[in-house]
Amino acid sequence: MTVTIRTLNELLQPSHLPAHPLATQEYFVNMGPQHPISHGSLRLVLRLDGETVKEVIPVPGFVHRGVEKMCESLTPRQIVPYTDRLDYLSAFMNNWAITRVVETAAGIESNERIETIRTLMSELQRIQSHALWWGVTGMDLGAFTAFLYGFREREVISEIFEETVGARLTMNYIQPGGVMYDIHPNFVKRVKDVMAYMKPIIDEYDTLLSGNVILQERCRNIGILSPEKAIALGCTGPVLRASGVPYDLRKMENYGVYNKVDFNVVVGAVGDCWDRYYVRMQEMRESIRIVEQLIDSIPEGPTMTLRYNLPIEMPEGTYYSQVETARGVFGAFLVAEGKSEKPYPLHFRSPNYNNLWSVTALAPGWRVADIIAILSSLDLVIPDIDR
Amino acid sequence: MDSEELLDIVERIESGATKREKSDRPAVHVPVDRLLSAMRRLRNYQWLSFDMLVTHTAIDWPDDNRFELVYLLYSTVHGHLLERPQ
Amino acid sequence: MSFMDFTDLRYEKRTLGGKILPVVVCPRFNPRSQPMRVFDAVKGLLQGMRLTLGYLLSPSKIVTQQYPENRATLKFPERYRAILKFKYDENGLHKCTGCKNCEVACPNASIKVITRDSVITEDHELDRYIWRLDSCMFCNACVQACPFDAIEMGHAFENAVYDRRLLIYGLNPIAGPAASALENEEDPEVRRRMSDPRTILGGPIPLNGAGLPNLKPVAAAPFVDPLPIAVTDPLPPEDGEGEEVS
Ligand code: SF4
Ligand code: SF4
């Protein structure tokens, strides 16, 4: 078994002479770490031949904070707020992943009310995250108006969170044993109002951006990811579903109250940027359906089943749990030693990390401007990649 | 297929594999020199067809002077998840 | 039929991982002749423009907030987390007993509770409650961990200052026993002697993680009060107001 390791330095050696005297020489261009498309600090090295991309070398790590290492010295309850800071647009789902793994390990029972609230919050956040993504995609592809519209809807949902959770981005809401607070008395009414408001808004999004010929032409048949390649690369979430694989943990794993609601898995037909775009648009509609089915029938019960200051005992063993975030499968792999509350190692499987590498398969052969559309359609959140 | 059957199949097709205790998902141990062949078999054997590498990580056991690599495999064909520390 | 029809969703069933899943397939592009493509393109652009024009002409739909100007009318949800503060009873006494549960619960050592023995009763009581806003991440763990309901999250969010040392607060204006313990004392003179005033920005600055073994400050410089600033208001900032130190 041999493994060849090539350092970044070797990959970036000045390119060989052109094959033909009249051909242009290959050259490298850094896209990022500070680039509007990188939505954070992500460096992409492009090997170009004229305008054509030959190779993309992602260089992650600019926002590496060592969250997993930090978690080794934290108790389960203290880890939860750190997961907010990975994929900050899916904070609830990240909280839920670590909560699930701790609850499996410690054998903590939760009840219907807790699960319903968790599901509702996650779905609301999925809508919010996709709405923001839609706006950002519009901006990446040159339509600044969309950005403002996306933020407007995000704000509406943020206000719901603010009222119940007390935060807009870093929630720390879903915790081992339950949720931090019971839902606010206004919650049900507000969610209903917002859902009634959101439904025509998504059609408005279609009118404003999806129907725009410039967007359509920049996405249609660009960056086609075949289902086999997507699976082999470990892509999940809308990226995998756009390739036609209906892999959605909300259906595949039995968690939350997803088995009680009726919704469709959205898949794409071809796997190009357009499919990745429209899968998310349609997912917003499906999420609205889920929220509407649940909001009227939140069961009664306590919202926290554990006393806060008691330690959470996890018997020795390895545990893995995963949830579907707005970007794919977020998993937490925990090894408990049984000696203390703290995990021995804790590993986060973050969806963006795997989705990022699909750009290496997607980009070659396309133009620089297409890379923008491809990256935008992957919906990367950089802190989640670097952890 | 439940996890016992799954582990039986894995043990049968890969001689070095042993079941792993204390894990919430089906898991096997494989010695490091058999890792590549075991991975190939897990992917290609049609009753398993673990085609997606969900994640991989490592655990350091300094007391035993041992380093454990963990691969989490998923099969989109059969829908089972195997965790295989080595 | 136009080039792109968003209602053209296909509902079907697919199997994956041994499960049958209801699936909806996204719309694709319809084949169109070139002149019709041009027509569709122009129509799509004009529809988008009509939408934005509609918003321009109906100002009631505009949601922009004029932030610094609307400070007086800003409303916060009651659970909004922006600053940690003590709860006081009607006599202005705090409820903190110095049990350090919050300090233990804090994920990044933003809280340091310094306790002392009471001069009168020799009971364990609060001396300084130091909270570092600069490293706090507003996770609410401290509030959840407090068994005596002594702290809460306030709404003052304009906390920017020019010097990061100003972000280290002593939250308690008085050092001394909690209100519940003070009630047991009858004599007002003794009660007065049990509590000492504390300033919000006075006292030592604790190093984050100072309790860890093997960790020492880089230079063991003699301690000087880093803030020779006259602090007039000993109370923590009120709701809706930023910390004003000039
Ligand atoms: S809110 Fe969290 S980080 Fe801040 S002081 Fe409290 S426990 Fe510490
Ligand atoms: S604030 Fe609460 S938890 Fe913290 S020391 Fe005081 S009483 Fe204890």
Side-chain angles (χ1 to χ4, degrees), chain A residues 1-3 68-69 72 100-107 227-236 240-241 243-249 251-254 314-322 328-338 343-351 353-354 357 387, chain B residues 1-3 7 16 18-44 48-64 66-86:
Chain A
M1 185 170 108
T2 50
V3 181
E68 288 152 336
K69 186 71 191 164
E72 288 176 22
R100 273 192 79 202
V101 75
V102 170
E103 288 186 347
T104 341
E228 297 78 31
K229 192 83 195 167
I231 290 172
L233 283 163
C235 296
T236 43
L240 179 61
R241 290 197 283 275
S243 295
V245 185
Y247 179 60
D248 189 330
L249 278 185
K251 293 274 190 200
M252 306 303 291
E253 288 224 355
N254 190 12
M314 290 185 284
E316 193 184 342
T318 59
Y319 306 94
Y320 178 74
S321 285
Q322 47 189 6
V329 172
F330 186 92
F333 178 80
L334 186 147
V335 182
E337 279 192 307
Y344 177 45
L346 178 66
H347 169 74
F348 292 120
R349 185 257 185 237
S350 62
Y353 185 79
N354 290 49
W357 294 98
R387 299 198 280 277
Chain B
M1 186 172 1
D2 68 4
S3 54
L7 287 177
T18 47
K19 281 181 209 162
R20 182 188 169 91
E21 307 289 320
K22 290 184 185 152
S23 169
D24 66 336
R25 311 225 174 206
V28 289
H29 282 282
V30 175
V32 67
D33 50 335
R34 303 196 60 95
L35 176 66
L36 209 57
S37 75
M39 284 295 203
R40 284 219 180 87
R41 272 179 222 188
L42 287 175
R43 190 188 62 197
N44 297 337
L48 298 174
S49 47
F50 285 103
D51 46 2
M52 186 195 269
L53 174 62
V54 178
T55 185
H56 60 123
T57 178
I59 314 170
D60 185 9
W61 299 106
D63 296 348
D64 307 358
R66 189 160 63 90
F67 200 68
E68 201 172 69
L69 301 174
V70 184
Y71 297 85
L72 275 125
L73 307 171
Y74 179 77
S75 161
T76 51
V77 183
H78 305 292
H80 36 233
L81 192 69
L82 179 74
E83 180 198 303
R84 50 193 335 276
Q86 152 273 307

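What you are looking at is a predicted structure, and each value in this text was computed from that prediction instead of being measured.
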To the nearest 0.5 Å, what is the distance between [atom1] ([X]) and [atom2] ([Y])?
{"X": "B/Leu72", "Y": "A/Tyr320", "atom1": "CG", "atom2": "OH", "value": "5.5 Å"}
{"X": "A/Arg349", "Y": "B/Thr55", "atom1": "CZ", "atom2": "OG1", "value": "6.5 Å"}
{"X": "B/Tyr74", "Y": "A/Leu249", "atom1": "OH", "atom2": "CG", "value": "7.5 Å"}

| message | Counting C-beta onward and ignoring hydrogens, is there a side-chain heavy-atom pair between A/Gln322 and B/Val54 closer than 4.5 Å? | response | yes
| message | Would you say that B/Met52 contacts A/Asn354 through its side chain, given a criterion of any heavy-atom pair below 4.5 Å between the two side chains? | response | no
Please classify the contact of [X] with chain B as side chain, backbone, both or neither, using a heavy-atom distance under 4.5 Å.
{"X": "A/Tyr344", "result": "side chain"}
{"X": "A/Leu334", "result": "neither"}
{"X": "A/Ser350", "result": "neither"}

